[in-house]
> 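The structure that follows is given in the form of structure tokens.
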Amino acid sequence: CTEAALLSHDHTVSWLLGNSTTFVGGPMPDVETPQPSPEASGLRVLFLDVDGVICCNQNGALETDKLQNLVRVAKETGCKICLSSNWRLYDDLREYLYQQLALLGIECIGTTPDAGEANHGEPMRPCEIGAWIKFWNQGTTRPKIQTFVAVDDRPLTQENGGAFLR
């Protein structure tokens, strides 16, 4: 796997998904420090890419060691998952991810919208993340997003809308 770009502020967590990873974007707490429950302090969301993050092989298999690290992060931070991976665009792959994450006790609360990257070729993932955050926070019955992090092997801060993630 290549180095993953994560969105939060100035943290490096080399063990996060078994890769060398760096946080860039809205504040994310250190996972070693116990945190207050998300209900008490707002919602924490981890935007998850799959290829190059939890699937770093040619056969499309999710990797146990990386999933275990994801479980650890989710439990220690109380974050919920939103799929930002291209896997979200395929019904069978999306449902498979939902099932696998649920079996691990990880709550998936949605998927980012599709900004048509496949059609026009412009990398748009930061825009998709921003649109999902805006949509989520407009809901009146949901907790507002307090912090977020995006785990991705793409250089998201260099893509369209990437300035939003700093």
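Heavy atoms only: backbone and side chains are in, while hydrogens, waters and symmetry mates are out.
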> When rounded to the nearest 0.5 angstrom, what distance separates CG in Asp153 from CD1 in Ile54?
11.5 Å

> Looking at every heavy atom in both Asp49 and Ser84, which two are closest together, and how far apart are they?
N-OG, 3.8 Å

> What residues, two or more places apart in sequence or in another chain, satisfy side-chain hydrogen bond (donor to acceptor under 3.5 Å, both in side chains) together with Trp87?
Asp51

> side-chain contact (heavy atoms from CB on, under 4.5 Å) for Leu97 and Leu48? Distances and angles first, verdict last.
CA-CA 11 Å; Leu97 283 170; Leu48 181 65; 5.8 Å; no

> Can a donor-acceptor pair be found, under 3.5 Å and without considering hydrogens, that links the side chain of Lys144 to the backbone of Gly139?
yes

> Evaluate side-chain contact (heavy atoms from CB on, under 4.5 Å) for Ile106 paired with Leu67, printing each intermediate quantity in order.
CA-CA 10 Å; Ile106 297 174; Leu67 288 170; over 6 Å; no

> Does the cation-pi check pass for Arg142 over Phe135, that is, NZ or CZ under 6.0 Å from the six-membered ring centre and within 45° of its axis?
yes

> Quick one: does Arg125's side chain have a donor or acceptor within less than 3.5 Å of a partner on Glu159's backbone?
no

> Enter the distance from Thr157:OG1 to Leu165:CG here, rounded to the nearest 0.5 Å.
7.5 Å

> Provide the closest heavy-atom pair for Val45 versus Ile109 in the form atom of the first, atom of the second, distance.
CG2-CD1, 4.2 Å

> I need the single residue from Pro126, Cys82, Ser85, Cys79 that forms a side chain to side chain contact (heavy atoms under 4.5 Å, CB included) with Phe47. Which is it?
Cys82

> Using modelled atom types only, decide if a donor and an acceptor are shared between the side chain of Asn57 and the backbone of Gly60 within a distance under 3.5 Å.
yes

> Val50 vs Leu62, test: side-chain contact (heavy atoms from CB on, under 4.5 Å). Steps then yes/no.
CA-CA 8 Å; Val50 175; Leu62 301 179; 3.8 Å; yes

> Measuring only between side-chain heavy atoms, which start at C-beta, is Thr77 closer than 4.5 Å to Leu46?
no

> Run the side-chain hydrogen bond (donor to acceptor under 3.5 Å, both in side chains) test against Asp91 and tell me which residues pass, sequence neighbours left out.
Arg94

> What pairs with Glu122 under side chain to side chain contact (heavy atoms under 4.5 Å, CB included), at least two apart in sequence or on another chain?
His120, Met124, Asn160

> Mind running side-chain contact (heavy atoms from CB on, under 4.5 Å) on Leu156 and Phe164 for me, showing each step along the way?
CA-CA 10 Å; Leu156 297 181; Phe164 154 77; over 6 Å; no

> Hey, are Arg154 and Glu117 close enough for a salt bridge, meaning a charged N less than 4.0 Å from a carboxylate O?
yes

> Assess, by modelled atom type and distance only, whether the side chains of Arg88 and Thr112 contain a donor and an acceptor separated by less than 3.5 Å.
yes

> Locate the shortest heavy-atom distance separating Lys66 from Cys56; write the atom from each residue and the value.
CE-SG, 3.7 Å

> From Ile81 CD1 over to Thr111 OG1, what is the distance, rounded to the nearest 0.5 angstrom?
13.0 Å

> Without swapping roles, check the side chain of Glu107 against the backbone of Lys80 for a donor-acceptor pair under 3.5 Å.
no

> Measure across Pro113 and Trp132 and return the closest heavy-atom pair with its distance rounded to 0.1 Å.
CD-CB, 3.9 Å

> Do Leu101 and Leu70 have side-chain heavy atoms sitting under 4.5 Å apart?
yes

